[in-house]
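Here the structure is laid out as structure tokens; the discussion comes afterwards.
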Amino acid sequence: MKIFNRLIATVVAMAAMTMGPAAFAAGEKGEKTVGLTAGYNTRNESAVAGLYFQYRINRLLRIAPDLTYIFRHNQTDGLALNVNMHMPLPVISDRIDFYPLVGLNYTSWSLHPKTASPAIVEGDDVTTRKTKFGINIGGGFDIYATQTLRLFIEGKYTGVRHYSTGSVTVGIGYRF
């Protein structure tokens, strides 16, 4: 019973914090956000880092291109360019939004095979590149911490023939 009471108290406290003055969170046409992301990629089980920009087309749609570097692990790294569409929907007052996303992906994977021969001359590039197009599907949560600071967590699946992957990222951005 004590756990249940603590849970109710926590939910009420969180709701009270998010119900404060939040008129600044509602998105308007022309709103822009630029920021940084970091996370995890399932294809090569490594970290990712990137830059993103978002532009709100209207109250219900925004376009969100991003550029993400997938760090080398398991002899693979990559560079991904995504252009996604988000549909932000308020969840708790106007401070937290849920958004489904769908979009296009272009990824250049660099495959670095292990070599048994140490006789590689400096400057030789033994990397094989695979360039693929795909589609993204996923969703995330926006948290409007202040009028200009936006945090988010996002998960998405990128469907690419023979190179499908999942990723989870968190981000911080400046909204103007």
Side-chain angles (χ1 to χ4, degrees), residues 10-73 77-110 131-160 165-176:
T10 303
V11 169
V12 169
M14 289 175 61
M17 285 188 295
T18 60
M19 297 296 181
F24 60 82
E28 295 180 12
K29 179 180 178 178
E31 174 189 284
K32 297 171 250 343
T33 305
V34 63
L36 304 170
T37 63
Y40 176 78
N41 183 282
T42 63
R43 172 84 184 144
N44 66 343
E45 300 175 341
S46 73
V48 299
L51 303 170
Y52 75 92
F53 174 77
Q54 295 176 347
Y55 178 78
R56 195 174 285 254
I57 297 168
N58 60 36
R59 204 171 65 74
L60 294 175
L61 286 176
R62 70 179 174 219
I63 188 165
D66 69 72
L67 182 65
T68 303
Y69 178 72
I70 305 161
F71 291 92
R72 187 186 297 191
H73 187 251
D77 62 14
L79 187 64
L81 174 63
N82 299 292
V83 179
N84 297 315
M85 292 297 292
H86 296 177
M87 186 176 156
L89 306 166
V91 175
I92 299 176
S93 74
D94 285 335
R95 295 191 85 157
I96 298 177
D97 289 347
F98 167 75
Y99 61 90
L101 73 85
V102 64
L104 300 174
N105 168 274
Y106 171 83
T107 304
S108 178
W109 289 100
S110 298
T131 301
K132 301 286 184 175
F133 286 95
I135 59 169
N136 295 323
I137 188 164
F141 287 94
D142 289 328
I143 301 165
Y144 297 95
T146 67
Q147 188 172 0
T148 57
L149 178 67
R150 188 172 71 83
L151 308 170
F152 75 85
I153 183 166
E154 177 179 284
K156 71 181 167 206
Y157 172 79
T158 302
V160 179
T165 185
S167 63
V168 176
T169 55
V170 295
I172 186 169
Y174 173 72
R175 193 171 84 155
F176 55 100

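One-based numbering along the sequence shown. Fair warning: this is a prediction, and the values are worked out from it, not measured in the lab. Excluded from the calculations below are hydrogen atoms, water molecules and symmetry mates; all remaining heavy atoms, backbone and side chain alike, are included.
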Minimum heavy-atom distance between Asn44 and Phe71, given as atom pair plus value: ND2-O, 3.0 Å

What closest approach, in Å, do Gly166 and Thr42 show between heavy atoms, and which atom pair accounts for it? N-OG1, 2.7 Å

To the nearest 0.5 angstrom, please state how far the OG1 atom of Thr68 sits from the CG atom of Leu79. 8.0 Å

Would you indicate whether the side-chain heavy atoms of Val102 and Ile135 approach each other to under 4.5 Å? no

Heavy atoms only: give me the nearest Val160-Phe133 pair and the separation to one decimal. CG1-O, 3.7 Å

What's the verdict on side-chain contact (heavy atoms from CB on, under 4.5 Å) for Leu36 and Leu51, showing C-alpha distance, side-chain angles and the deciding distance? CA-CA 5 Å; Leu36 304 170; Leu51 303 170; 3.2 Å; yes

Drop me the distance from Arg95's CZ to Tyr144's OH, to the nearest 0.5 angstrom. 11.5 Å

List the residues meeting salt bridge (charged side-chain N to carboxylate O under 4.0 Å, His left out) with Lys132, not counting sequence neighbours, and say none if there are none. none

To the nearest 0.5 angstrom, please state how far the OG1 atom of Thr165 sits from the NZ atom of Lys156. 10.0 Å

Say you draw a straight line from CD1 of Ile137 to CG of Asn105; how long is it, rounded to the nearest 0.5 Å? 13.5 Å

For the residue pair Asn41 and His73, establish whether any side-chain heavy-atom pair is separated by less than 4.5 Å. no

If you look at every heavy atom in Ser46 and Ile70, which pair is closest and at what distance? OG-CG2, 3.6 Å

If you round to the nearest 0.5 Å, how far is CD1 of Ile143 from CG of Asp97? 10.0 Å

First locate atom CZ of Arg59, then atom CE of Met87, and finally report the distance between them rounded to the nearest 0.5 Å. 9.5 Å

Minimal heavy-atom distance between Thr107 and Ala80, with the atoms involved, is OG1-CB, 3.7 Å

Check the pair Thr158 / Asn136 against side-chain hydrogen bond (donor to acceptor under 3.5 Å, both in side chains), numbers first and verdict last. CA-CA 4 Å; Thr158 302; Asn136 295 323; 2.7 Å; yes

With a 6.0 Å cut-off (strictly less than), is the heavy-atom count around CG of Leu89, excluding the residue itself, greater than 12? yes

Contact between Met85 and Ile63 at the side-chain level, heavy atoms closer than 4.5 Å - yes or no? yes

Could you walk me through whether Glu45 and Tyr40 pass the side-chain contact (heavy atoms from CB on, under 4.5 Å) check? CA-CA 7 Å; Glu45 300 175 341; Tyr40 176 78; 3.4 Å; yes

Is there side-chain contact between Tyr52 and Thr33, with heavy atoms separated by less than 4.5 Å? yes

If you count the non-hydrogen atoms of other residues, nucleotides and ligands that lie under 6.0 Å from NZ in Lys29, is the total more than 12? no

Is it true that Asp142 and Arg175 make a salt bridge, defined as a side-chain N closer than 4.0 Å to a carboxylate O? no

Tyr174 vs Phe176, test: ring pair (Phe, Tyr, Trp, His ring centres under 6.0 Å). Steps then yes/no. CA-CA 7 Å; Tyr174 173 72; Phe176 55 100; 5.6 Å; yes

Leu149 versus Thr146, closest heavy-atom pair with distance: N-OG1, 3.0 Å

For the backbone of Arg62 and the side chain of His86, can you confirm whether one donor and one acceptor N or O come within less than 3.5 Å of each other? no

